[in-house]
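For reference, the structure is listed below as structure tokens.
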Protein chains: 2
Amino acid sequence: MTARSGGVARSARPADPGRVLPGQREILDAAALAFTQNGYAATSMDEIAERLGATKGRLYHHYRAKVDIFHDIVCSGMQELIDGVAPIVARQDLSCADRLWRMAHHHAGLMMTRNSYQRVAVQAVEMHRMSKSVDAVLEEMFVLRDRYEQLFAEVINQGRQNDEFRDVDPRLATKPVLGALNWISLWYDPERGDFATRARVAEEYADFVVGGLRRSRP
Amino acid sequence: MTARSGGVARSARPADPGRVLPGQREILDAAALAFTQNGYAATSMDEIAERLGATKGRLYHHYRAKVDIFHDIVCSGMQELIDGVAPIVARQDLSCADRLWRMAHHHAGLMMTRNSYQRVAVQAVEMHRMSKSVDAVLEEMFVLRDRYEQLFAEVINQGRQNDEFRDVDPRLATKPVLGALNWISLWYDPERGDFATRARVAEEYADFVVGGLRRSRP
DNA sequence: GTCTATATGTGGATAGAC
DNA sequence: GTCTATCCACATATAGAC
């Protein structure tokens with residue numbers, strides 16, 4: 001989870017790559033909320049610190065730069081998605097439609113229960129085509145995103161071959177699926193939604209994306 | 001198209017509301033491209049001016065503030081969506097599935113052919129829940145967005161009542177539909193896509209969203 | 001490990017020349 | 001109508017005390 005660039009650790013502490021240190025977790029939580037509410041570029045380090053009841057000094061002790069905080073939030077969020085969905089893909093005992101349904105359901109759930117992290121991750125995806133964007137620090141992030149998309153493409157491709165799904169291009173078909181799901185993070189308000197709402201939304205979305213790919217008359 | 005706030009014109013020139021003056025169009029085009037590539041907050045007025053081969057002086061002659069440029073781009077983009085889709089909604093001779101298909105197809109097309117404006121509009125939608133965001137200047141924008149969403153809800157509701165569609169909450173059902181479609185603006189690269197690609201994408205998306213709502217076995 | 005300065009750069013917006 | 005010059009606020013990041 002620690003961004004590296006040319007062998008130089010981007011987090012202040014070296015740390016095992018892939019882990020977030022205790023002192024960092026609070027920072028990430030506060031920053032994720034701030035980035036969610038104001039956007040990455042419009043959020044100042046002072047504001048993040050203020051949410052922690054601290055000052056910038058603390059942030060720069062744990063992270064070298066603002067973009068590194070962003071990086072850790074995004075990778076953390078993406079990793080959660082992958083960890084949840086990968087086991088479902090492996091369930092060869094289930095039909096492709098069932099697997100896709102569960103993948104979508106799980107993804108939708110995370111967009112709501114882990115809203116701040118996931119919404120920041122969505123901001124990162126948008127930077128995809130942005131030229132000067134935020135250095136090349138975010139490349140690791142795009143690797144994760146591609147791997148995640150590949151999980152969906154795999155199931156869609158298999159379902160196409162056994163005639164569960166329409167004859168779509170698997171790679172293209174992941175776009176409306178993940179687009180619809182990611183969009184949840186933008187409109188869902190964690191302050192207002194309760195458990196029942198989340199359950200209903202996740203089911204509706206899972207039905208929707210599976211319906212979008214299934215053959216009309218099987 | 002000229003943002004007003006408490007009776008004070010936000011564009012430098014008074015102008016008929018709803019129109020974009022000739023001198024402004026170039027600015028909007030350049031700014032839309034810049035906002036697309038770097039994001040609204042990360043784009044400087046200097047950068048917009050540079051794309052025009054001009055300086056800030058010119059921008060501030062036509063617009064009072066950066067946010068007013070943003071406003072005009074977004075409203076222009078939204079208006080294009082409404083203008084294209086509203087006539088389709090009125091086609092009572094078509095089935096709801098057919099109407100929704102055409103609406104989605106048209107929306108998808110605009111996400112690609114008018115990519116810069118539409119992608120900026122998507123940025124605006126994301127600011128929905130952002131607190132300090134960009135003043136209250138953008139309220140007119142949200143009115144347009146709600147009106148547009150309502151067009152989709154109308155057709156979905158009618159289709160639900162005549163059993164073309166599943167028994168969904170029309171308001172909730174617009175979310176995955178528009179989410180999937182809006183997402184196109186984020187991954188589609190206008191530099192690379194040709195006419196055939198756009199046609200294929202628009203059809204695939206239209207099939208997808210109609211399939212997502214249609215009853216499985218009619 | 002966290003704080004208080006502070007250095008340094010940049011960006012939005014304005015004033016006034018041409 | 002566009003440019004140059006400039007003001008002022010603010011943001012990132014650093015240095016060094018505690």
Side-chain angles (χ1 to χ4, degrees), chain A residues 2-3 5 8-15 20-31 34-35 37-73 130 132-135 137-138, chain B residues 2-3 5 8-15 20-31 34-35 37-73 127 130-135 137-138:
Chain A
T2 42
S5 160
V8 178
R10 305 282 311 194
S11 297
R13 299 282 121 205
V20 175
L21 300 173
Q24 295 180 329
R25 180 53 69 186
E26 293 183 76
I27 293 176
L28 296 182
D29 287 346
F35 292 159
Q37 287 173 8
N38 307 319
Y40 169 74
T43 300
S44 69
M45 293 294 267
D46 280 316
E47 194 182 323
I48 298 170
E50 199 184 6
R51 284 171 187 263
L52 287 168
T55 65
K56 284 186 289 201
R58 178 151 153 207
L59 302 183
Y60 282 105
H61 175 72
H62 290 278
Y63 284 99
R64 292 183 66 148
K66 181 177 157 187
V67 69
D68 294 319
I69 297 177
F70 184 70
H71 170 277
D72 273 13
I73 293 170
M130 293 185 181
K132 75 181 175 189
S133 74
V134 199
D135 309 342
V137 176
L138 303 179
Chain B
T2 43
S5 159
V8 178
R10 307 280 313 194
S11 296
R13 299 282 121 204
V20 175
L21 300 173
Q24 294 180 330
R25 178 55 66 187
E26 293 183 76
I27 294 176
L28 296 182
D29 287 346
F35 293 158
Q37 288 173 7
N38 308 318
Y40 170 74
T43 300
S44 69
M45 294 292 268
D46 281 315
E47 192 182 326
I48 298 170
E50 199 184 6
R51 283 171 188 263
L52 287 168
T55 64
K56 283 189 286 202
R58 178 152 152 205
L59 301 183
Y60 283 104
H61 176 72
H62 290 279
Y63 285 99
R64 293 183 66 149
K66 181 179 158 186
V67 70
D68 294 319
I69 297 177
F70 184 71
H71 171 278
D72 272 14
I73 293 169
M127 292 180 180
M130 293 185 182
S131 34
K132 73 181 178 191
S133 72
V134 201
D135 308 342
V137 176
L138 303 178

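Reminder, nothing fancy here: chain letters follow the sequence lines and each chain counts from 1. In what follows, every heavy atom counts, from backbone to side chain, and hydrogens, waters and symmetry copies are set aside.
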Whole-Å gap separating C1' (C:dT4) and CG (A:L59): 15 Å
Residues in salt bridge (charged side-chain N to carboxylate O under 4.0 Å, His left out) contact with B:E50, at least two apart in sequence or another chain: none
note: B:D46, atom CG; D:dA5, atom P; distance rounded to Å ~ 14 Å
Let me know the distance between CD1 of B:I48 and P of C:dA13, rounded to the nearest Å. 10 Å
Can you find a heavy atom in the side chain of B:R51 that is under 4.5 Å from one in the side chain of B:Q37? yes
Any idea which of D:dA11, D:dG1, C:dG12 is nearest the A:S44 side chain? D:dA11
Report the distance from atom OH of B:Y63 to atom P of C:dT14, rounded to the nearest whole Å. 16 Å
Rounded distance in Å - NE2 (B:H61) to P (C:dA15): 15 Å
Of the listed D:dC3, C:dA13, C:dT2, the closest approach to the B:T55 side chain comes from D:dC3
Between P of D:dT6 and NZ of B:K56, the distance in whole Å: 13 Å
If you measure from NZ on A:K66 to CG on A:L59, what distance do you get to the nearest 0.5 Å? 11.5 Å
Determine the interplanar angle of the B:Y40 and B:F70 rings, folded into 0 to 90°, and report it as parallel if under 30°, tilted if 30 to 60°, perpendicular if over 60°. tilted
Would you indicate which nucleotide in C:dC3, C:dA13, D:dA13 comes nearest to any side-chain atom of A:R58? C:dC3
May I ask you to verify if any side-chain N or O of B:H62 is less than 4.0 angstrom from the OP1 or OP2 atom of D:dT2? yes
Please report the distance, rounded to the nearest Å, between CE in A:M45 and P in C:dT8. 20 Å
Comparing nearest nucleotides in DNA chain C, the 5'-proximal residue of the pair B:K66, B:G57 is B:K66
Expressed as a whole number of angstroms, how long is the span from B:L52:CG to D:dG1:C1'? 14 Å
